[in-house]
Q: 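The structure's right below; bear with me while I get my questions together.
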Amino acid sequence: MKYKHIFGPVPSRRLGVSLGIDLVVHKICSLDCVYCECGKTTKLTDKRKEYVKASKVFAELDDYLKNNPAPDYITFSGSGEPTLNSSLGKVIDYIKKNAPQIKVAVLTNSTLFHDPVVRSELLKADLVVPSLDAVADEAFKRINRPLKGVDVSRIIKGIKAFAKEYKGNIWLEVLILPGINDEVSDLMLLKEAIKEIRPQMVQLNTLDRPGTCIDINPASKEQLEQVKKILDYPSTRIIAKVDKQINANVQPRDLASAVIETIHRRPCTKKDLLQILNIPEVHLENCIRQLKKEKKIIEKSRDRGLFYETIKESNI
C-alpha cells in the first residue's frame, strides 16, 4: 500500500522511533510560522473539519502495523496543525484500541486549546507537545504570523486550562530565533507564562532545516544557553540533534515513494534520509538522481548541508 497520511517512521530527537500521522492536507494551518520547515501556509484557518478521512488513516495504520515493527510512538504532526482535524479523537481511540502498546504523542501549535472539545480529545494522548514561542503580542506576530483573530493570550489560557485537566506529560516547546523573539523583555513574559503552565519539561529549539523565510538564522548553542538561564525553569532542555544511534529499522518497499513522503513534510539531507530509511547509500543516491531528473524534488543549500525537498505541487 502507498501511504498518503502516515509517514516514517523517523528517528526522532524526542520520541525514539516515531511513526507520523498527518491529518491535514499540505499546507493547512492556523499559523504561518517563519521557521516552518513544511513551507508557507497556503490555507490559514482555525475551522475544524475532517480534512483527512479517519477511515483512510485506519486502513494505512492497519497495513503498516501488520507489515512492520511497532514504533515507540505514533505521533500526530506533519503538514499542518493536527487539531484542525475533527476526527483527531476518533483516530487516537482507534490506536488505543488496536495498538495499545504504542504510545501516542500530539505535536500542536496550541491555537485550539481554547476549545473544550479539542482539550477532551487530547486528554487521550500519552504525550502532548504544545508550542509557545512568544507571549508578547508583537513577538508572537513576528514569529508565528497567525490567522487574523488568533490571540496569544487566548492560547496561553487554553494551555493552562489543558494542563490542569491532563494526566499525561506536557513538553512545552519554545523555538528561538535571534532578533525575532529573543529580546529579554519577551523572554521575561514567557518565563512567567511557563511558571503558570507548569509543564513537565520545556524544550528549547531553533531552526534546523530550511524555514519559510530565507533571512532567518538559527540560534547558537550559547544563545540558547542564555535563554535557558533567563527562563530559569527547572526542567528545561536544549533539544539536541537526532541521536545517531536511533534507527527506524524499516526497509521501504518503494524507495522513491518513501523519499518523497519523508521530505514532503520535512526537508532532509542525504545523511538524514540514510538514517531514517536504513538503506545503502548507493541506492539512495540513484533514487535522488532519478527524482531530480524527473523534477519531483529540488535541493537547497543551508548551513547544515544540502537539503532535499519536494516541489510542493507534486502529488505524493
Side-chain angles (χ1 to χ4, degrees), residues 5-8 12 14-16 18-25 28-31 33 38 45-54 57-58 61 71-133 144 146-147 150-175 193-194 196-203 205 235 265:
H5 309 301
I6 68 174
F7 59 98
S12 166
R14 296 176 278 192
L15 306 175
S18 170
L19 180 70
I21 296 183
D22 195 350
L23 287 183
V24 296
V25 179
I28 295 172
C29 197
S30 47
L31 302 177
C33 301
C38 299
T45 184
D46 60 359
K47 181 180 180 181
R48 296 194 84 202
K49 67 178 186 178
E50 199 176 27
Y51 293 96
V52 171
K53 296 290 185 184
V57 177
F58 298 161
L61 279 172
D72 298 312
Y73 273 87
I74 293 177
T75 305
F76 292 85
S77 61
S79 299
E81 173 52 33
T83 61
L84 285 171
N85 192 307
S86 56
S87 288
L88 171 63
K90 187 186 298 184
V91 179
I92 294 176
D93 285 339
Y94 188 85
I95 296 166
K96 289 297 181 182
K97 179 180 178 181
N98 293 279
Q101 77 280 15
I102 304 174
K103 292 182 178 180
V104 172
V106 181
L107 277 55
T108 171
N109 67 17
S110 313
T111 54
L112 273 73
F113 273 110
H114 67 277
D115 186 339
V117 174
V118 171
R119 296 201 303 268
S120 68
E121 292 174 359
L122 291 174
L123 292 176
K124 306 168 187 178
D126 299 287
L127 170 67
V128 176
V129 185
S131 293
L132 184 63
D133 300 325
N144 297 130
L147 171 74
V150 173
D151 178 67
V152 68
S153 63
R154 187 176 70 171
I155 290 173
I156 295 167
K157 288 178 183 176
I159 299 175
K160 287 164 62 177
F162 178 72
K164 290 178 181 178
E165 302 163 351
Y166 186 53
K167 304 302 182 185
N169 287 320
I170 296 176
W171 295 353
L172 188 72
E173 182 172 5
V174 179
L175 192 139
I194 290 170
E196 293 176 0
I197 295 167
R198 298 175 61 190
Q200 279 70 37
M201 186 186 300
V202 173
Q203 297 188 323
N205 204 351
S235 303
R265 296 174 175 90

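Numbering of residues begins at 1 and proceeds along the displayed sequence.
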Q: Rounded to the nearest 0.5 Å, how far does CD of Glu121 lie from NZ of Lys90?
A: 10.0 Å
Q: Compare every heavy atom of Phe162 with every heavy atom of Leu122, then report the nearest pair and how far apart it is.
A: CB-CE1, 3.6 Å
Q: Measuring from atom CD of Glu50 to atom CG of Leu23, what distance do you get when rounded to the nearest 0.5 angstrom?
A: 9.0 Å
Q: Return the CG to OG1 distance between Leu15 and Thr75, rounded to the nearest 0.5 Å.
A: 4.5 Å
Q: Give, for atom CG of Asp151 and atom NE2 of His114, the distance between the pair rounded to the nearest 0.5 Å.
A: 10.5 Å
Q: Surrounding CZ of Arg154 (heavy atoms of other residues, nucleotides or ligands, distance under 6.0 Å), is the total greater than 12?
A: yes
Q: Just one of Leu107, Thr108, Ile92 clears the side chain to side chain contact (heavy atoms under 4.5 Å, CB included) bar with Phe76, so which one?
A: Ile92
Q: Could you check whether any side-chain N or O of Glu81 sits under 3.5 Å from a backbone N or O of Asn109, counting only pairs where one atom can act as donor and the other as acceptor?
A: yes
Q: Can you name the nearest heavy-atom pair linking Pro71 to Leu19, along with the distance?
A: CG-CB, 3.8 Å
Q: Can you tell if the side chain of Ile21 reaches within under 4.5 Å of the side chain of Leu61, non-hydrogen atoms only?
A: yes
Q: Indicate the atoms forming the closest heavy-atom contact of Ile159 with Ser131, along with that distance.
A: CD1-O, 4.3 Å
Q: Nearest heavy-atom pair of Ile170 and Pro199: which atoms, and what distance?
A: O-CB, 3.6 Å
Q: I need the single residue from Leu88, Val117, Asp46 that forms a side chain to side chain contact (heavy atoms under 4.5 Å, CB included) with Thr83. Which is it?
A: Leu88
Q: Taking all non-hydrogen atoms of both residues into account, name the closest pair between Thr111 and Ile155 and its distance.
A: CG2-CD1, 3.8 Å
Q: Run the numbers on Lys49 and Tyr51 for side chain to side chain contact (heavy atoms under 4.5 Å, CB included), then give the verdict.
A: CA-CA 6 Å; Lys49 67 178 186 178; Tyr51 293 96; 3.3 Å; yes
Q: For Phe7 and Ser77: C-alpha separation, side-chain torsions, deciding distance, then whether side chain to side chain contact (heavy atoms under 4.5 Å, CB included) applies.
A: CA-CA 10 Å; Phe7 59 98; Ser77 61; 3.7 Å; yes
Q: Please name all residues satisfying salt bridge (Lys or Arg N to Asp or Glu O under 4.0 Å) with Lys124, sequence neighbours left out, ordered by chain then number.
A: Asp93
Q: Do the rings of Phe58 and Tyr94 sit parallel, tilted or perpendicular, given the 30° and 60° boundaries?
A: parallel
Q: Which atom pair, heavy atoms only, marks the closest approach of Asn169 to Tyr166?
A: O-CE2, 3.3 Å
Q: Strictly distance-based, threshold 3.5 Å: is any side-chain N or O of Asn144 a donor or acceptor partner for the main-chain N or O of Leu31?
A: no
Q: Between Ser110 and Leu132, is any pair of side-chain heavy atoms under 4.5 Å apart?
A: no
Q: Would you mind listing every salt bridge (Lys or Arg N to Asp or Glu O under 4.0 Å) that reaches into residues 94-110, with sequence neighbours excluded?
A: Lys96-Asp126
Q: With rounding to the nearest 0.5 angstrom, report the CG to CG distance, Asn85 to Asp22.
A: 9.5 Å
